[in-house]
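The figures that follow rest on heavy atoms only: side chains count, while hydrogens, waters and symmetry mates do not. Note on naming: letters A, B, ... go to the chains in the order of the sequence lines (proteins, then strands), and numbering restarts at 1 for each one.
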Amino acid sequence: MSDNQLLEHLNNDQRRAVEYMSGPMIVLACAGSGKTQLITRKYAYLCTRNGKDSSSVMAVTFTNKAANEMKDRIAYLVPNKLSDAWIGTFFSLCNKILREESRQLPFAGDFVIYDNEDQCRLIRHILNEMKLYEALYRGIVSKISCFKSSLITLEELMSSCNTFDFDEKLLKVYVRYQDEMKRSRALDLDDLVTYTINLLESNPGLLEKYQDIFSYVLIDEYQDTNYAQYHLIKLLSQAKKNILAVGDDNLNVYKLKGNDSDSVLTKFEKDFTDTEIINLSQNYRCTENILRVSHSVISKNASSTTNELWTERGVGEKVCHYWFMTEEEEAKYVAKNMKDLYLKGNYSYDDMAILYRVNLQSRILEEALKNERIPFKVIGSSCFYQKKEIKDVIAYLKLMINKDDNVSLRRIINLPPRGIGANTLNKLEIESRKEGASLYKAIMKMLNSKGLSQSVKDKLQLFILLIDELSSHGIGTVNDSLKTIGSYTGYIETLDECGLNNVSELMYSNGKMPLTDFLDSVALTTNTDEVTTRGYVSLTTLHNVKGLEFAIVFITGLEDGLLPYFKAVDTPEDLNEERRLFYLGMTRAKDILFMTGAKKRKLYSKFQEQEPSRFLKDIPKDCCMWIEKKAVPSNITSKLQIEKVSLELPYNTGCRVKHPKWGVGVIRDCYGEENDIKVTVNFPNVGIKRLALKYANLERI
DNA sequence: ACAATTTTTGTTTTT
DNA sequence: CAAAAATTGT
């Protein structure tokens with residue numbers, strides 16, 4: 001595509017941003033202002049304009065999913081091969097650099113990546129051993145993450161310990177944690193960034209090399225970068241200062257990650273002088289009504305400097321707010337409403353999403369959707385790779401590559417039972433700490449010493465033989481490795497049918513991948529990354545919808561205590577973040593926005609009386625339809641209805657049928673009583689038809 | 001050492 | 001109300 005074609009359909013501001021070629025630039029891009037479009041075009045423009053190889057531009061995205069989408073879009077614009085383009089999250093890009101420069105690393109390259117769960121397991125293990133209160137692990141993991149992402153080193157921490165009145169125990173745990181990581185040759189996600197920074201800073205030649213490679217740096221969702229990540233891109237773009245950052249302060253909902261509280265602008269202008277600033281204030285996504293309502297909420301944030309957005313999309317439907325007596329009614333209403341909208345035929349289920357503040361809210365919604373026979377996908381609550389059997393198998397896989405991985409070894413040393421219990425393990429732990437070596441090495445040592453009984457030694461010997469056998473098979477594809485595990489460990493035999501299915505799914509979907517690549521991608525992939533939602537309603541948390549849009553959005557649980565969440569109402573800054581979260585959700589809606597809440601909700605096993613969210617007061621009365629639902633006459637009717645629905649109906653949605661006159665069609669809905677069943681069918685050539693099953697002469701195919 | 005049982009505990013968001 | 005931890009019995 002030519003330069004001019006790449007600039008087509010961009011507004012003046014976007015065009016200016018794409019064409020601006022030299023020097024730092026920051027784009028303040030409000031929700032729905034086409035920032036992904038902008039970055040994509042810019043990337044393509046840089047490729048064609050300068051005849052640049054695509055590997056000379058680094059593009060940082062917030063999620064892997066966003067990176068993949070971006071690659072797809074760019075592939076459509078330019079002929080360049082993008083297979084090894086530098087497009088990805090901070091973590092995946094850092095991993096790429098570290099793997100490429102592995103020889104320069106302290107532990108000769110092959111490291112494993114610990115994901116959040118591995119991290120938690122390790123911290124819990126350490127707390128246990130140190131006889132500290134184990135339940136503190138969550139806070140400790142996040143504090144360690146904060147230190148690392150603020151580039152505060154352990155040494156600095158220890159020397160400032162006295163002056164800072166610092167929690168000494170935390171520090172001890174941190175030291176132990178780092179020691180364990182080193183012995184296991186493992187990096188956590190924050191380490192990926194800090195190691196990359198250290199590598200570049202201690203190695204000027206290398207830094208120069210990468211500064212040279214990257215003629216341009218693009219960053220999406222800039223407001224979410226933490227100090228370490230920012231430091232890294234500062235390093236990389238120092239020489240040429242060709243950097244474009246796109247962000248919106250109103251969408252910063254990750255203060256917990258150790259993000260700078262500085263606004264996008266102040267953070268950036270401190271380090272890059274003569275920064276060009278562009279404001280994108282035209283919204284291409286939402287209707288006027290949705291913009292008005294969302295703006296009325298976000299403008300109550302003192303720190304928000306955003307001017308009101310505008311759109312050419314027209315006024316649109318009024319935003320609706322419903323208040324119900326119970327959460328069941330709320331869920332039922334949402335499901336019913338979705339079905340109605342679907343049956344009208346203008347929207348399909350993948351145009352719709354239900355959002356909530358916390359994952360546990362999804363349950364009751366799922367039930368309601370099942371009753372209405374609406375297909376749905378819950379995004380992000382429990383991801384495939386977090387299932388127990390998958391994690392177990394992955395632990396075996398990790399050990400095949402790195403026998404020193406203590407976290408994985410602890411996980412499977414007695415799985416299936418090998419008669420190696422807590423007592424033995426304890427002795428091993430002590431030995432390994434004494435030697436400063438991994439558990440695997442400690443076992444080797446213990447086998448040749450007198451500290452253990454012969455029967456225990458035999459068991460350990462068998463285990464060592466197993467691990468050696470596994471790793472002797474070399475590093476092949478995931479399938480090869482899984483087969484090896486199947487034939488030697490005896491673990492597969494302990495699985496039930498469901499677990500077996502999950503493992504075969506693992507083989508089926510990733511079987512051909514090289515093992516090392518696979519393990520990296522597992523650690524770097526998050527639960528939102530590979531969800532395809534074609535034909536499904538999406539259910540997800542407000543945090544998870546960043547970067548997504550839907551024609552119809554339901555935000556549920558708009559109650560004080562839930563949004564804002566009761567744990568985040570203490571400081572004004574907490575409250576502001578909750579408000580931004582609400583704003584984020586609202587601005588995901590293109591056409592229709594529903595907001596619902598319920599008075600009675602079962603939260604942590606008790607029924608609670610909820611008040612409507614305080615944020616609702618910020619919405620002018622005339623912007624919105626306010627509807628309060630009275631309690632349903634009785635519970636009996638609802639129970640009857642559920643029974644009726646659960647009766648077997650001849651067709652499920654999605655079923656294909658043949659009609660004598662209209663040909664092949666897809667069942668969209670099936671309902672009614674035994675002798676009077678009606679179906680809604682979508683015939684591609686004819687449109688949506690409602691038929692009585694008795695007379696329709698449908699044939700199932 | 002392990003399975004089955006009772007008791008305790010903790011309940012945000014996630015790159 | 002779940003899931004995890006502690007306790008008990010074999």
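- Closest contact between the side chain of A:Asn414 and the listed nucleotides B:dT15, B:dG10, B:dC2 involves B:dC2.
- For A:Asn423, counting side-chain heavy atoms from C-beta on, the closest listed nucleotide (B:dT15, B:dT11, B:dA1) is B:dA1.
- Distance from the side chain of A:Thr424 is smallest for B:dA1 among the nucleotides B:dA1, B:dT15, B:dT14.
- Remark: A:Arg124 is in phosphate contact with C:dA5, judged by side-chain N or O atoms under 4.0 Å from OP1 or OP2.
- The side chain of A:Thr541 contributes no N or O atom lying less than 4.0 Å from OP1 or OP2 of B:dT12.
- Listed here is the closest heavy atom pair of A:Arg411 and A:Lys388: NH2-O, 3.5 Å.
- When the C1' atom of C:dA5 is taken as reference, atom CG of A:Leu136 falls 16 Å away, rounded to whole Å.
- If you take CG of A:Leu563 and P of B:dT12, they are 15 Å apart, rounded to a whole angstrom.
- In this model, a donor atom of one side chain and an acceptor atom of the other lie less than 3.5 Å apart for A:Gln223 and A:Glu221.
- Side-chain atoms of A:Ser432 never come within 3.5 Å of backbone atoms of A:Ala442 as a donor-acceptor pair (strictly under, hydrogens ignored).
- With DNA chain B read from its 5' end, the first of the two nearest nucleotides for A:Thr89 and A:Arg138 is the one closest to A:Arg138.
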* Might you work through the side-chain contact (heavy atoms from CB on, under 4.5 Å) test for A:Tyr114 and A:Ser184, ending with a clear yes or no? => CA-CA 10 Å; A:Tyr114 278 180; A:Ser184 302; 3.5 Å; yes
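- Every residue meeting the ring pair (Phe, Tyr, Trp, His ring centres under 6.0 Å) condition with A:Phe214, not counting sequence neighbours, appears here in chain and number order: A:Trp86.
- Regarding contacts with the backbone of B:dT12, every side-chain N or O of A:Asn359 stays at 4.0 angstrom or more from both OP1 and OP2.
- Comparing B:dC2, B:dG10, B:dT12 by their nearest atom to the side chain of A:Ala135 picks out B:dG10.
- The side chain of A:Pro417 lies closest to B:dC2, out of B:dT14, C:dA4, B:dC2.
- Between A:Lys427 atom NZ and B:dA1 atom C1' there is a gap of 13 Å when expressed in whole angstrom units.
- Remark on DNA chain B: of its neighbouring residues A:Lys459 and A:Phe90, the 5'-side contact belongs to A:Lys459, judged by nearest-heavy-atom nucleotide.
- Comparing the C1' positions of B:dT12 and C:dA5 gives an interatomic distance of 23 Å, to the nearest angstrom.
- A cation-pi contact, defined as under 6.0 Å to the ring centre and within 45° of the axis, links A:Arg99 to A:Phe111.
- As rounded to whole Å, 10 Å separates atom P of B:dT11 from atom CZ of A:Phe566.
- When the P atom of B:dT14 is taken as reference, atom NZ of A:Lys143 falls 21 Å away, rounded to whole Å.
- Atom-to-atom, CG of A:Leu360 to P of B:dT12 comes out at 7 Å; the value is rounded to the nearest Å.
- Applying side-chain contact (heavy atoms from CB on, under 4.5 Å) to A:Val246 and the options A:Ile39, A:Leu28, A:Thr36 leaves one that passes, A:Ile39.
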* **Stepwise side-chain hydrogen bond (donor to acceptor under 3.5 Å, both in side chains) check, A:Asn371 with A:Glu367** => CA-CA 6 Å; A:Asn371 281 331; A:Glu367 231 150 78; over 6 Å; no
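- Going from atom OH of A:Tyr583 over to atom P of B:dT13 covers 24 Å, rounded to whole Å.
- Comparing C:dA4 with B:dT13, their P atoms sit 15 Å apart, to the nearest whole Å.
- A:Tyr133 has its OH atom 12 Å from the C1' atom of C:dA4, to the nearest Å.
- Here C:dA2 is the nucleotide among C:dA2, B:dT12, B:dT13 with the atom lying nearest to any side-chain atom of A:Arg363.
- Every stem involving DNA chain B, taken as at least 3 paired positions in a row under the Watson-Crick or G-U wobble test at 3.5 Å, is listed here: B:1-10 with C:1-10.
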